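First comes the structure, then the notes that go with it.
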Amino acid sequence: MTLKDKTTITFYNGLTTIGGPMIEVAYNKSHVLFDLGEVYRPELELPDESYSTLIKNQLIGDVPNFYDPLLTGQPIDHQRWEHAAAYMSHLHLDHSKALNFLAPEIPLYASPLTARLLPVLNENGDFLLPAAGHKPNYTRPIIAAKYQVPIHIGEITLTIWPSDHDAYGATGLIITTPNQTLAYTGDIRLHGYHPDWVHQFLAAARGCDALIVEGTGVSWPEEKQVQLSAEFTGPRTEIELTDQIIQLERVNEKRQLTFNTYPTNVERLLRLLELSPRKVVLHAKRAHLLKESLQQDYLYYYLPGEQKIANLNPQLVVDYEKLLADDHEYLWQVVKNYGDLQVGGLYIHSNAEPLGDFDPAYEPFIQTLMDRKIEFKALRCSGHADEKELKQIISEVQPKALIPVHTLHPELEENPFGKRILPKRNQTITL
Ligand SMILES: [Zn+2]
């Protein structure tokens, strides 16, 4: 190590916005990039999602020497950078959507579940951004990293830890260089299924030189009171959420019950499948996702006119008409045709699409349910640590420097154990 060998961190995107962090850690001739998402801003109504449009609108970072030269028109300087790799903390689009933009020769690491689920989610070519020279349904290779086994990228070492977030297979990262140890939380919470995993990851990061922490939970300081108020009856944890669904099944013995969840929150669905008193029936597309990624079979149905999916067991299909007529045997995943549902039923909306009134599909969806006098029950649980949990996360790590990202208010995260750095977009810092 000479004096000029320093660890640098460059922040290309995802700082004062929720999502899309793109951060490069470099040492000498080695460098790594994480994550590979696109910032979600539907209100921009962009004409396309080409590389240049996304760069121009700052939805992805303008990161040199990582993107595919077929997109950028710029060759990668392999002499300057002898060792390169990328990592994705989890499969949410604001962390993964641009993964096909990575140059094909640069290895991309993620958890085994992330590596398995993303190609299935992109089977129809409508999940990820397309790779240059490939069909839209192509997903570039993702290396399924072994948890807690160091990955050497020249002089940089990556260690991937299982963590907890509302994306199945979410992870955190510890990065070591010859002179620094850094940790990156990805998206993180303590009220999910695996707080124990989170605590282990944080313990491994303890005393690190810099903790890059997400701060979604401090983005709306004005809303803080609602969650803390005594009237708040919504679920505070994932466990409470599934318990509340089961409770709704118990008190509604004779009523049509339907639900929907978000596809990437596989674990919530698995828990419901395991614990539900009624038989849970999934739409075929969702059953296919679980089959392809986990090799698990569940009851499923097709909407009228839908094409049969080859890998689903034909013995597990439930007739759609039977579901429409049912009021006691099934809890089933409804994805459209809400007008077919029974009058007076109950629908559980659990962070499903349409996600909220920013989506043009939301209002007509709510209106159809109202027209059918279907009770709309929203049972949500955040994938992100709230303000209190963030404080705990920081206190478990006690970092020498805290670097908040992925938040509207990075200045609201404080570090009682050392300094805090609020980087600007495209800024490089040396610790
Ligand atoms: Zn996420």
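Because the structure is a prediction, the values reported are computed rather than measured. Just so you know, ligand 1 is whichever comes first in the structure, and atom 1 is the first atom listed for that ligand.
Tally of protein N, O or S atoms closer to the Zn ion (ligand 1) than 2.8 Å: 4.
Asp187 and His92 share no donor-acceptor pair across their side chains, judged by distance under 3.5 Å alone. For the residue pair Ser219 and Thr407, a side-chain donor N or O sits within less than 3.5 Å of a side-chain acceptor on the partner.
Side-chain atoms of Tyr338 come within 3.5 Å of backbone N or O of Val335 as a donor-acceptor pair. A side-chain donor-acceptor contact under 3.5 Å links Asn122 to the backbone of Tyr138. Without hydrogens or angle criteria, Gln295 side chain to Glu292 main chain gives a donor-acceptor distance under 3.5 Å.
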Quiz item: Could you walk me through whether Glu24 and Phe11 pass the side-chain contact (heavy atoms from CB on, under 4.5 Å) check?
Solution: CA-CA 7 Å; Glu24 178 200 38; Phe11 297 86; over 6 Å; no
